[in-house]
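One structure is given below, encoded as structure tokens.
Residues: numbered from 1 along the sequence shown.
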Amino acid sequence: MIDFFFDIDGTILPFGCPVPESAVRAIRHLREIGNRAFLATGRSAVEVSPSVLGIGFDGGVFSAGADVVADGKHIYTLAMNESEKKELFSYCRKEGFYLLVQTPAGTYVSQEALDFWRSAMHRYTGTEVQLSALLVSDSIPQDASVTKLLYVTEHTPLEKVRADLSSHFDVVNNTVGLPSDMMGEIVIKGISKATGIDKIVAHYGNSLEYTVAFGDGANDIEMVEHAGIGIAMGNASSDLKAVADWIAPDVSKDGLAAGIDYVLGCFSGRL
């Protein structure tokens with residue numbers, strides 16, 4: 001049995017577009033012949049659209065590894081502690097960042113931050129990433145379970161943020177097409193999609209050799225390197241392509257289906 005892990009935006013579907021039918025058929029087929037399919041996304045579970053969930057998955061790695069679901073259960077969840085939240089929010093206020101704060105209930109964002117982010121997306125990409133479960137509010141509940149934070153700013157070098165927060169957090173390049181000095185993802189140190197894959201492998205008692213990861217962006221590098229076979233989409237970043245075992249066609253050119261066919265061929269006769 002092979003465990004497949006799929007990023008969403010830029011991998012299962014093109015940014016701002018529906019899921020290609022070829023991808024739907026390919027994912028359903030791999031499950032029909034006895035394999036498992038999981039999402040592996042920076043989104044929280046409640047942010048995944050019904051059109052993606054409706055394809056059919058066995059669980060997923062959510063919030064960039066902070067929340068892992070298998071067999072309908074959360075088998076691993078890690079949220080920032082009070083000290084980490086205090087440090088992070090204080091730093092972001094000092095830097096003047098706009099924030100999108102991810103929690104299991106949804107992503108908290110002020111109207112001002114949402115407007116700034118949407119304007120930046122239209123300016124640089126001409127598209128808008130659709131998120132479910134946005135909670136538009138000027139405040140965040142004090143007891144909110146924060147799993148990840150996205151910041152947006154007019155101009156702050158990502159390497160500065162990474163260095164400033166390196167003691168307790170990892171800072172990952174954004175994967176939505178904005179310049180790196182405008183947006184980044186802040187996660188708990190040591191957490192990634194790769195660590196989430198390990199949780200699922202341990203849960204099922206499978207071997208890492210029989211795992212496959214598909215991705216296109218900076219937050220996919222760890223899992224594409226870590227999995228038994230790592231696939232980069234044709235539209236992937238050059239850094240991701242450099243660590244992949246195979247490069248599929250572009251997501252808009254039935255790339256996911258081609259990648260799944262390639263992997264099934266690789267494992268033919270081994271299962």
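Lys189 forms no cation-pi arrangement with Phe169, by the criterion of a distance under 6.0 Å to the ring centre and an angle within 45° of the ring axis.
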> Between Leu256 and Leu13, does a side-chain contact (heavy atoms from CB on, under 4.5 Å) hold up when you go through it step by step?
Replying inline: CA-CA 9 Å; Leu256 192 70; Leu13 51 83; over 6 Å; no
>> Using the rule given for side-chain contact (heavy atoms from CB on, under 4.5 Å), can you reason through Ile27 versus Phe4, listing the C-alpha separation, both sets of side-chain angles and the distance that settles it, and then say yes or no?
In response: CA-CA 9 Å; Ile27 294 171; Phe4 288 78; over 6 Å; no
>> If you apply the rule side-chain hydrogen bond (donor to acceptor under 3.5 Å, both in side chains), what do you find for Ser44 with Gln102, and how did you get there?
In response: CA-CA 7 Å; Ser44 66; Gln102 194 176 89; 4.7 Å; no
> Between Ser252 and Asp250, does a side-chain hydrogen bond (donor to acceptor under 3.5 Å, both in side chains) hold up when you go through it step by step?
Replying inline: CA-CA 5 Å; Ser252 62; Asp250 193 285; 2.8 Å; yes
> side-chain hydrogen bond (donor to acceptor under 3.5 Å, both in side chains) between Asp181 and Thr156: does it pass, once the steps are laid out?
Replying inline: CA-CA 5 Å; Asp181 62 353; Thr156 303; over 6 Å; no
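The minimum heavy-atom distance between Lys85 and Val146, with the atom names listed, is CD-CG2, 3.6 Å. Between Ala26 and Ile260, the shortest heavy-atom distance links the atoms CB-CD1, 3.6 Å. A pairwise comparison of heavy atoms in Gly177 and Tyr124 identifies O-CB, 4.3 Å as the closest pair. When all heavy atoms of Met121 and Val176 are compared, the closest pair comes out as CE-O, 3.4 Å. The two residues Ser49 and Ser51 have their closest heavy-atom pair at OG-OG, 3.0 Å. Nearest approach of Ala64 to Val187, heavy atoms of both residues: CB-CG1, 4.0 Å.
Counting heavy atoms of neighbouring residues, nucleotides and ligands inside a 6.0 Å radius, atom NE2 of His122 exceeds 12 of them. Atom NZ of Lys160 sits in a crowded spot, with more than 12 heavy atoms from other residues, nucleotides or ligands closer than 6.0 Å. Environment of NZ in Lys253: sparse, with no more than 12 heavy atoms of neighbouring residues, nucleotides or ligands closer than 6.0 Å.
To the nearest 0.5 Å, atom CZ of residue Arg28 and atom CD1 of residue Ile33 are 15.5 Å apart. Arg36 contributes atom CZ, which lies 4.5 Å from atom CE of Met1 (distance to the nearest 0.5 angstrom). Asp220 contributes atom CG, which lies 13.0 Å from atom CZ of Phe5 (distance to the nearest 0.5 angstrom). Interatomic distance, CG of Leu78 versus OG of Ser145, reported as 9.0 Å (0.5 Å rounding). The line from CD1 of Ile231 to CG of Asp245 is 6.5 Å long, rounded to the nearest 0.5 Å. The CD1 atom of Ile191 lies 11.0 Å from the CG atom of Asp67; values are rounded to the nearest 0.5 Å.
A tilted orientation is assigned to the rings of Phe38 and Tyr204, their planes being inclined by 30° to 60°.
Side chains of Thr147 and Met80 form no contact here, defined as non-hydrogen atoms less than 4.5 Å apart. Counting only heavy atoms from C-beta outward, the side chains of Val69 and Ile200 never approach each other to under 4.5 Å. In this structure, the side chains of Thr11 and Val251 stay at 4.5 Å or more apart for every pair of heavy atoms. Residues Phe89 and Ile140 form a side-chain contact, since some pair of their non-hydrogen atoms from C-beta on lies under 4.5 Å apart.
Residues Arg162 and Asp170 are not paired through a salt bridge, judged by the lack of any N-O separation under 4.0 Å between the basic side chain and the carboxylate. We find that Glu154 and Arg123 are joined by a salt bridge, their nearest charged nitrogen and carboxylate oxygen being less than 4.0 Å apart. For the pair Lys193 and Asp7, the salt-bridge criterion is met [side-chain N within less than 4.0 Å of a carboxylate O].
Looking at Tyr108, Trp117, Tyr151, Phe116 one by one, the single match for ring-ring contact (aromatic ring centres under 6.0 Å, His included) with Tyr98 turns out to be Phe116. None of Thr175, Ile8, Asn235 except one satisfies the side chain to side chain contact (heavy atoms under 4.5 Å, CB included) rule with Asp216; the exception is Asn235.
Of the possible donor and acceptor atoms, none in the side chain of Lys199 sits under 3.5 Å from a partner among the backbone N and O of Ile75.
Shown here are the salt bridge (charged side-chain N to carboxylate O under 4.0 Å, His left out) partners of Glu185, two or more places apart in sequence or in another chain: Lys148.
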